[in-house]
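First up is the structure itself, then whatever we jot down about it.
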Amino acid sequence: MLKKRLLTIGACVAALTIGASPALANDGYNLWLAPAASPSGANVRVIGQSETLERAAGELRRDLGASPLPIILAKIDDPALSTLRLPTAGLGEEGYIVRATSLDGHPALIVTGKTDRAVLYGAFALIRAQKTGANLAAIDLQSAPKIGLRVLNHWDNLDGSVERGYAGQSLWDWWTLPDFKDPRYTDYARANAALGINGIVLNNVNAKPESLTAPYIAKAAALADVFRPWGIRVYLSARFSAPIELGHLKTADPLDPEVQAWWKAKADEIYREIPDFGGFLVKANSEGQPGPRDYHRSHADGANMLAAAVAPHGGIVMWRAFVYAETDPDDRAKQAYTEFHPLDGKFADNVLVQVKNGAIDFQPREPFHPLFGAMPKTPMMLELQLTKEYLGFATHLAYLGPLFEEVLDADTQAKGKGSTVAKVVDGSLYGHRLSGIAGVANVGRDRDWSGSTFNQANWYAFGRLAWDPTLSAEKIAREWAQQTFGTDPLVVDTAVRMMMSSREAVVDYTGPFGLAHLMGTGHHYGPGPWISDLARPEWNPVYYHKADKAGIGFDRTKTGSNAIAQYEPAVARMLADPRTTPESELLWFHHLPWGWKMKSGRTLWEEMVAHYDRGVATVAQMQADWQTVKDKVDAERWQKTASYLQIQHNEAKWWRDASLAYWMSVNGLPLPSGVAAPEHDLAWYKAQEFPLAPGHPH
Ligand code: GCV
C-alpha cells in the first residue's frame, strides 16, 4: 500500500516536472544576461592580465553557448595577435573586433580592441550575436561607439526613494554603503556594460548637499570600485548652493574666489577617493533649485566654475538646459533656448549642455528641442527619459525605441539637410571632442529591475542607441526580444509587433497631434486636461492645449508665441503653416478650429476621436497578441505582463473617456455617430484623486 502511494507520488512529481517546463518561473532578474543552457566553459582563453579581461572571459564562460571555435581575448597590440594585422583605424578606445580567423595556424575566435574595456564590449557583442542567431564560425564584427559619454542618470534620493521611479526603492542602499556592497551592484554594472553604458550619475538632479559630504563620497567610491572593472565611471549631481550649506560660506556666487576655492577643494577631495570620477551633473535655477542666476550670473559662469574645479583631474560638467521660470511670461517651450542660445561659445571646453529631447518635458510626443543644432560651439548632450513619468509609469507597455529614434533622426537642418539630432549629439556635425547622451534610469530594487519585463527594453534600447544612434528601433526590439524570451519566431514576432505599436498607442489615448502635458498634477498619473488652478501658469494643462469653443492647440507661430523662430529658417517655414506641419505635431504648433480639415478628409475633432479609439484598440490588440504566446513564455513573466496589459487597457479607456468628456464640454460637439460615449460624466473624472501615486516627490 505504502509502495503504491509512493509510486503515485513519484508519478505526480514527474508529471509536474515535465508539464511545468514551459511555465518555469522567471522573475526577469537576468535581463539580457541569461546564462547559456550549455555554456562554452573552458573554451575561453585570456592573453594578458586585468580585472576587466577576466570579467569579459567570465561573461563568455557563463553566457555563451557552445562555440565552434576556441575563443581568445586579448588587446589588439598584444604580440600574440600581431600576425593577424587587424585594422585599428576607427576603433578608438572602446571599439572592438570579433572575428573567426586562424591564429598561428589554429582556427580561433578573436575578441579584441585597443583597451580592456573594448575587449569587454566585444565579449558582450559576441554573446549578443550568438543569442540573436549569428553563425559564430564565420563571425566578423567591428564596431565603435559613436557617442563618447553614454550615461544613466539616477534620480535616486539619499533616503532610498526615487523621483519618478516606478520599480521600487533605489538600487543604492546608501545606509549600508560603503561596507556592504550588494551583489546587485555588480549585476547592474554587467547589464550596463553589455550595452556599452560607461557612466552612471548616482543621485537625483534635485540634489541634496549631503551627497558631497565625506561619508557619502566614501559610499560613492565604493560603488565606483564595483563599477570600474566594467568600464563604468560614476558622476554626482551637485547642488549649486553646497558651498553655503556645507562650507558655511555666505554665498554660492560662481565668481566669488572663496566659492571657487571651495569647489576646487571639494573636487580634489572627491578625486582622492575616486580617481576616475567622471564629474558633475547640475540642475540649476530650475524648479526651485539654486543656481548662478541667484547671483545674476549666467549658466556659463556657473558651469565654468565647476568645470575649472574638475578640469585638472580630467573631469567634465554636464549642465542641464531644463530651465523655466514662472516669473517669465514667455512660452515655456521657448525659455531654455532664450537663456542658453546666447551662451554658445562661452562654456569651458569640458562642459556639455544637457538638453531634453523636447522643449517641455518628456511628453509622449514632442518635436525636437530647438537648441539642437543651435549651439555649434557647445557639445550638446541629449537627455532621454527611460522611466515613463508621462507614459503610464511602469504598468503601461510603451516601448520607447521609436520615440528615441524619432528625436535622433529629426533633421535640425542646422548645416543643411541631414543635420540630424544624432549628428549634433555624436559631435560629428560640428566636430566636437566631447559627446554624450543621458537616459533617466528606470531601475530600482524590483526583482525585474524596471518594474516590468517590457520596461527592460527601454533601458536596453537606450544603451544600444547610445552606442550607435543609427540603429533602428525595430532591430533593437527584435534583438532584445530574442535575448529576453528566446528565439521562437512566434514569440519574437509577437513581442516586436506589440512593442512597435505601443508608443503610438500611448500618444493616441493620452492626446494625439502634439497635445501635451494633460496629466494629473504632481504625480502625472491619469488625465487632467481640465486643470487650471495651479499657482504657476505653465503647470496647468489648459496652458498647453488652449482649447476653447472655437479650437484647440498652442499657437507657436508668429501670431502666437513664435517659438518656431527658434528653429532653423527651413524648419520654421515648414512649421509656420499647419498644412506643412507634420500632423503628429499639429497642435503643438497651431491653434486650429475643431472643424479643421485633416489629410484624411475628416475634421480635426473627428480625427481626434478616432485616435483616442485607436489607442484603446491597440492596447486590446496587444492583449490579444500576448494571449497567443501564453504557452511559450514562462508563467511568471507572462502573467505579470498580461495583468499589466489589463491595467493599461482600463487606463487607456479612462484617458480616452475623460479626455473626450472634457473636450466635449469645451467644444459642445457631439461624438461622431457610432462612437461610444464616455462611461462617466466629466464631474466623475474630475473627482478622481491619487495622492499616493508612486514616483511623486513629496
Ligand atoms: C528631477 C520634471 C519632473 C521632475 C524632474 C524634472 C527635471 O519636471 O516632473 O520630477 O525633477 O522634470 O527633469 O529636473
Side-chain angles (χ1 to χ4, degrees), residues 151-167 170 200-208 211 235-241 280-291 293 299 302-303 318-326 328 332-333 335-336 339-340 352-364 366 369 371 381-394 400 403 407 437-444 462 510 516-526 528 531 534-541 543-544 690 693-698:
V151 181
L152 285 173
N153 290 184
H154 280 248
W155 286 357
D156 295 25
N157 298 313
L158 304 185
D159 66 2
S161 61
V162 181
E163 182 155 349
R164 310 308 175 184
Y166 312 104
S170 170
I200 294 178
V201 183
L202 298 174
N203 60 319
N204 192 352
V205 287
N206 291 329
K208 290 267 186 264
S211 61
Y235 299 76
L236 289 173
S237 292
R239 183 167 164 87
F240 198 78
S241 52
F280 293 123
L281 169 65
V282 186
K283 171 175 177 177
N285 294 118
S286 169
E287 301 185 330
Q289 293 301 310
R293 307 290 285 147
H299 284 278
M318 299 168 284
W319 192 270
R320 296 176 90 222
F322 177 69
V323 297
Y324 63 100
E326 77 275 28
D328 186 342
R332 171 175 166 187
Q335 295 182 24
E339 185 110 14
F340 277 79
L352 298 103
V353 171
Q354 183 166 311
V355 182
K356 289 189 182 182
N357 57 287
I360 299 293
D361 195 12
F362 301 135
Q363 299 304 296
E366 288 192 45
H369 201 299
L371 274 172
M381 210 162 157
L382 169 63
E383 180 177 318
L384 299 164
Q385 194 186 50
L386 320 187
T387 190
K388 304 197 312 296
E389 175 182 354
Y390 299 101
L391 287 99
F393 298 179
L400 302 178
L403 188 160
V407 60
I437 185 165
V440 179
N442 66 350
V443 296
F462 168 76
T510 59
H517 218 293
L518 306 176
M519 68 295 304
T521 302
H523 48 63
H524 299 161
Y525 171 66
I531 296 166
L534 304 176
R536 288 173 65 148
E538 77 289 342
W539 282 351
N540 291 289
Y543 170 95
Y544 295 93
F690 306 94
H696 182 207
H698 294 284

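As the structure lists them, so they are numbered: ligands from 1, and atoms in each ligand from 1.
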Q. Please state which protein non-hydrogen atom is closest to atom 6 (C) of ligand 1 and give its distance, to 0.1 Å?
A. E287 OE1, 3.3 Å
Q: For atom 2 (C) of ligand 1, grab the closest protein heavy atom and report residue, atom and distance to one decimal in Å.
A: D361 OD2, 2.8 Å
Q: Consider ligand 1: state whether an atom of it lies below 4.0 angstrom from any non-hydrogen atom of V440.
A: no
(Q) Within the 3.5 Å criterion, strictly below it, is a donor on N153 or Q354 matched to an acceptor on the partner's side chain? (A) yes
(Q) Just so I know, are the side chains of T510 and Y390 near enough to count as touching, which here means a heavy-atom distance under 4.5 Å? (A) no
Q. Do the side chain of Y525 and the main chain of M519 share a donor and acceptor less than 3.5 angstrom apart?
A. no
Q | Mutual orientation of the aromatic rings belonging to H523 and H696 [parallel < 30°, tilted 30-60°, perpendicular > 60°] | A | perpendicular
Q: Can you label the angle between the F240 ring and the W319 ring as parallel, tilted or perpendicular, going by 30° and 60°?
A: perpendicular
(Q) Name the residue from H369, R320, K356 that meets the side chain to side chain donor-acceptor pair (under 3.5 Å) definition with E383. (A) R320
Q.
At less than 4.0 angstrom from any non-hydrogen atom of N204, what atoms of ligand 1 do you find?
A. 1 (C)
Q: Could you tell me the residue and atom name of the protein heavy atom closest to atom 14 (O) of ligand 1, and the distance to it rounded to 0.1 Å?
A: K283 NZ, 2.6 Å
Q) Can you tell which of E163, E389, R320 gets a heavy atom nearest to atom 3 (C) of ligand 1? A) E389
(Q) Can you classify the ring geometry of F362 versus W155 as parallel (below 30°), tilted (30 to 60°) or perpendicular (above 60°)? (A) tilted
Q: Consider every N or O of N206 and every N or O of ligand 1, then say whether any pair is closer than 3.5 Å.
A: yes
Q. Atom 13 (O) of ligand 1: which of K356, Q354, Q385 has the nearest heavy atom?
A. K356
Q. Between W155 and ligand 1, which part of the residue brings a heavy atom under 4.0 Å of the ligand: side chain, backbone, both or neither?
A. side chain
Q) Is there at least one pair of N or O atoms, one from R164 and one from ligand 1, spaced under 3.5 Å apart? A) yes
